[in-house]
Amino acid sequence: MKIVSKEDFKNFVNALIADNSWNVIGVKSKGNKFAFGPLESSDELRLDYDVTLLPPKKYFFPQRETLFTYNLAGSISAKSAEELKPLIIIGVHPYDIVALLHMDEIFRETKSDPYYFKKTESSIIIGVTSKTCPNGTFPLPWVAKL
């Protein structure tokens with residue numbers, strides 16, 4: 001584990017964004033709520049959030065995803081799992097990390113999804129400890145027992 005100052009962390013996040021070989025995702029304010037979304041600057045990143053509108057799993061197992069297209073003339077175009085840009089997701093709470101690990105187990109035990117595994121294998125998750133435990137979420141000691 002490495003501990004960095006806030007200023008160094010901001011510089012680190014800005015360097016990741018500037019690199020442009022990654023999709024850098026983080027928690028952003030959305031009115032008085034929070035949501036994971038693409039970062040354009042470290043100034044958008046909020047690590048003091050309680051819960052997000054949707055969990056980070058949406059980047060690995062989206063509600064909608066175009067896997068192939070076709071036209072009535074007979075041509076088919078399939079999206080290759082190799083075309084996916086790698087992700088860095090910053091600010092994930094421990095319970096969301098545990099949920100992602102459970103999803104990995106489920107997908108491993110069932111039929112393999114090449115898109116899911118390519119996304120998870122090419123991603124980096126940077127976790128953050130939650131300072132509060134809002135109603136309806138798991139208390140942190142429960143997560144620590146896993």
Side-chain angles (χ1 to χ4, degrees), residues 1-70 77-146:
M1 177 174 19
K2 174 133 176 90
I3 298 173
V4 296
S5 70
K6 285 183 182 183
E7 190 59 37
D8 287 345
F9 187 72
K10 282 182 138 195
N11 293 337
F12 170 70
V13 172
N14 284 327
L16 292 174
I17 294 167
D19 183 341
N20 212 22
S21 60
W22 298 89
N23 281 331
V24 181
I25 307 298
V27 179
K28 300 164 63 167
S29 293
K30 193 169 189 177
N32 63 347
K33 301 194 183 293
F34 300 96
F36 284 96
L39 294 175
E40 295 178 18
S41 164
S42 66
D43 293 332
E44 295 179 299
L45 184 62
R46 293 288 303 270
L47 298 178
D48 60 340
Y49 71 100
D50 50 4
V51 295
T52 57
L53 294 170
L54 290 173
K57 81 166 185 152
K58 73 179 188 175
Y59 292 100
F60 303 110
F61 194 62
Q63 294 175 346
R64 292 181 190 92
E65 182 174 25
T66 302
L67 301 178
F68 66 92
T69 58
Y70 66 93
S77 174
K79 179 170 91 173
S80 168
E82 302 300 320
E83 297 172 13
L84 300 170
K85 196 171 182 182
L87 288 171
I88 295 179
I89 304 178
I90 303 170
V92 181
H93 281 173
Y95 49 83
D96 280 326
I97 294 172
V98 170
L100 291 171
L101 293 172
H102 284 298
M103 281 187 61
D104 286 353
E105 287 179 41
I106 291 166
F107 275 101
R108 222 176 277 115
E109 292 173 2
T110 60
K111 293 182 180 180
S112 180
D113 180 342
Y115 298 100
Y116 175 83
F117 284 110
K118 183 62 181 175
K119 289 175 191 173
T120 59
E121 290 167 1
S122 65
S123 297
I124 295 172
I125 296 174
I126 300 174
V128 63
T129 301
S130 175
K131 292 185 178 184
T132 62
C133 188
N135 291 336
T137 62
F138 300 113
L140 292 177
W142 179 85
V143 173
K145 291 179 184 176
L146 294 176

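Computed from a predicted model, the values in this text were never measured in an experiment.
Residue I125 comes nearest to V92 through the heavy atom pair CG2-CG2, 3.6 Å, listed as atom of the first residue, atom of the second, then distance. The shortest heavy-atom contact between S122 and P86 is O-CB, 3.0 Å. Looking at every heavy atom in both residues, S123 comes nearest to F60 through OG-CE2, 3.3 Å.
Here E105 pairs with H102, R108 under the side chain to side chain contact (heavy atoms under 4.5 Å, CB included) rule; sequence neighbours left out. Applying the side chain to side chain contact (heavy atoms under 4.5 Å, CB included) test to I126 and every residue at least two apart in sequence or in another chain returns F12, I88, I90, I124. Residues passing the side chain to side chain contact (heavy atoms under 4.5 Å, CB included) test with E7 are S5, K10, N11, sequence neighbours excluded. In terms of the ring pair (Phe, Tyr, Trp, His ring centres under 6.0 Å) criterion, residue partners of Y116 (sequence neighbours excluded) are, by chain and number, F107.
Side-chain contact between L100 and Y59 is absent, with no heavy-atom pair separated by less than 4.5 Å. When side chains are defined from C-beta on, K85 counts as touching N20, because their heavy atoms get closer than 4.5 Å. Residues L47 and F9 form a side-chain contact, since some pair of their non-hydrogen atoms from C-beta on lies under 4.5 Å apart. M103 has its side chain out of reach of P55: every pair of non-hydrogen atoms, C-beta onward, lies at least 4.5 Å apart.
Note: K57 NZ to Q63 CD = 7.5 Å, rounded to the nearest 0.5 Å. Note that NZ of K119 and CG of N23 are 11.0 Å apart. Values are rounded to the nearest 0.5 Å.
Residue pairs that meet the salt bridge (charged side-chain N to carboxylate O under 4.0 Å, His left out) test with at least one member in residues 91-102, sequence neighbours left out, do not exist here. Sorted by first and then second residue, the salt bridge (charged side-chain N to carboxylate O under 4.0 Å, His left out) pairs involving residues 14-31 (not counting sequence neighbours) are K28-E44.
For the pair Y49 (side chain) and G91 (backbone), a donor-acceptor distance under 3.5 Å is present.
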Contacts table for residues 33-42: side-chain donor-acceptor under 3.5 angstrom, sequence neighbours left out:
{"from": "S41", "atom 1": "OG", "to": "D43", "atom 2": "N", "distance (Å)": "3.1"}
{"from": "S42", "atom 1": "OG", "to": "N14", "atom 2": "OD1", "distance (Å)": "3.4"}
{"from": "S42", "atom 1": "OG", "to": "N14", "atom 2": "ND2", "distance (Å)": "3.1"}

